[in-house]
Amino acid sequence: MANRRDFLKLSAIGSALGLVFSNISSVSAKNIKKPQKPIVVSTWQHGLAANEAAWQVLTNNGRAIDAVETGVRIPEADPKVRTVGLGGYPDSSGKVTLDACIMDENMNCGSVAYLQNIKHPISVARKVMDDTPHVMLVGEGAQQFAKQQGFIEENLLTEESKLDWQNWLSSGQAKKLINIENHDTIGMLALDNKGNLSGACTTSGAAYKLPGRVGDSPIIGAGLYVDNEVGAATATGMGELMMKTVGCHLVVELMRQGASPQEACRQAVQRIANKLDDFEQFQVGFLALNKQGEYGAFCIQSGFNYAVRDAQGEQLIDAKNLLENKA
Ligand code: SD4
């Protein structure tokens with residue numbers, strides 16, 4: 001039997017129908033397209049190997065949420081990737097502290113921040129999502145939770161990262177802005193065979209950050225957002241700027257209003273640029289995937305690329321940037 005809530009919903013739908021019908025021809029021309037699926041996209045060159053692992057899950061009829069978790073675990077475990085998981089650049093005191101989050105097609109999400117000594121923060125975030133009533137655990141509490149869940153503690157500061165940190169210390173601790181050498185967060189978005197979207201984002205954050213600093217990557221809405229009706233977005237670069245604009249949520253909302261993934265990313269970058277006189281000093285890159293399997297990206301300055309894996313194979317694409325059309 002219909003209750004009051006259903007009734008209110010029905011009335012709202014009824015009164016909206018006039019509007020919907022008046023727009024029906026443009027909506028159908030634009031939106032009724034066969035979605036291109038499955039597909040997975042992710043930030044940076046290390047996205048190629050990560051996508052391949054995710055692709056195996058997707059082509060075995062797996063869920064997007066399992067694909068993105070599986071995918072980003074590849075760079076997390078790779079000590080050569082210096083800004084994710086094992087081997088990530090430490091903070092200014094020499095500690096490797098990790099941030100990650102994950103979000104599925106039902107608005108479920110999990111996140112960890114300032115997590116130490118655990119190689120796969122994304123899987124801890126997944127456990128927060130699946131096994132707790134919470135969204136986010138940080139620091140000591142996140143580490144205790146990970147241990148209870150059977151994650152093994154290990155030292156994540158490799159000799160190479162330690163040496164670089166020591167050199168940085170002895171160089172007078174020059175303030176290191178996020179430029180093309182030191183931002184390689186992996187953000188990954190996938191659309192599975194059922195047409196469901198999910199995303200994951202994991203990082204060691206800005207190199208030599210202040211102890212205790214947490215960036216955008218574990219913040220739902222800033223470093224990652226998924227709305228299964230519309231699309232998904234993730235980000236890389238100077239996290240403070242994504243936090244100030246809730247950038248990934250903004251990208252998804254722009255897609256909801258009809259923007260293509262690339263145009264939504266462009267507008268989110270432009271929003272940042274409009275607010276900051278010195279935006280040219282920073283890098284920010286957004287990557288988006290919509291419900292139809294269309295993707296796009298945009299960044300402030302050249303250098304950001306992203307990896308795509310679909311039935312046609314793999315690609316590494318240079319994102320368009322804000323400064324390229326500036327004289
Ligand atoms: C952060 N967005 O912590 C991240 C930086 C990044 O690889 O992209 N790092 O601000």
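Whatever order the structure lists them in is the order used to number ligands and atoms, beginning at 1.
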Using a 4.5 Å cut-off on heavy atoms from C-beta on, say whether the side chain of Asn274 contacts that of Gln270.
-> yes

Structural part of Gln283 in contact with ligand 1, heavy atom criterion under 4.0 angstrom | neither

Side chains of Lys127 and Thr132, donor plus acceptor under 3.5 Å = no

Are any of the heavy atoms in Glu240 under 4.0 Å away from ligand 1?
-> no

Proximal atoms of ligand 1 relative to Asp216 (non-hydrogen, under 4.0 Å) = 1 (C), 2 (N), 4 (C), 10 (O)

How about Trp168 and Tyr89: are their ring centres within less than 6.0 Å of each other?
-> no

With Leu197, the side-chain contact (heavy atoms from CB on, under 4.5 Å) member among Asp104, Asp227, Leu289 | Leu289

May I ask you to check whether over 12 heavy atoms, not counting those of Arg271, lie within 6.0 Å of atom CZ?
-> no

Can you find a pair of side-chain heavy atoms, one from Gln116 and one from Val96, that are under 4.5 Å apart?
-> no

Exceeds 12 heavy-atom contacts within 6.0 angstrom, atom CD of Glu153 | yes

If you measure every N/O of Gly239 against every N/O of ligand 1, is any gap under 3.5 Å?
-> yes

For Arg213, atoms of ligand 1 separated by under 4.0 Å from a heavy atom = 1 (C), 3 (O), 10 (O)

Using a heavy-atom cut-off of under 4.0 Å, does the side chain or the backbone of Ser217 touch ligand 1, or both, or neither?
-> side chain

Which ligand 1 atoms are under 4.0 Å away from a heavy-atom of Thr203?
-> 7 (O), 9 (N)

Counting heavy atoms only, name the option from Ala206, Gly215, Gly237 that's nearest to atom 4 (C) of ligand 1.
-> Gly237

Under 3.5 Å: N/O of Asp99 near N/O of ligand 1 | no

State, yes or no, whether a side-chain contact exists between Thr236 and Tyr306 at a heavy-atom distance under 4.5 Å.
-> no

Short list, please: which atoms of ligand 1 are under 4.0 Å from a heavy atom of Thr185?
-> 2 (N), 4 (C), 5 (C), 6 (C), 7 (O), 8 (O), 9 (N)

Under 4.0 Å from one or more heavy atoms of Asp184, ligand 1 contributes atoms 7 (O), 9 (N)

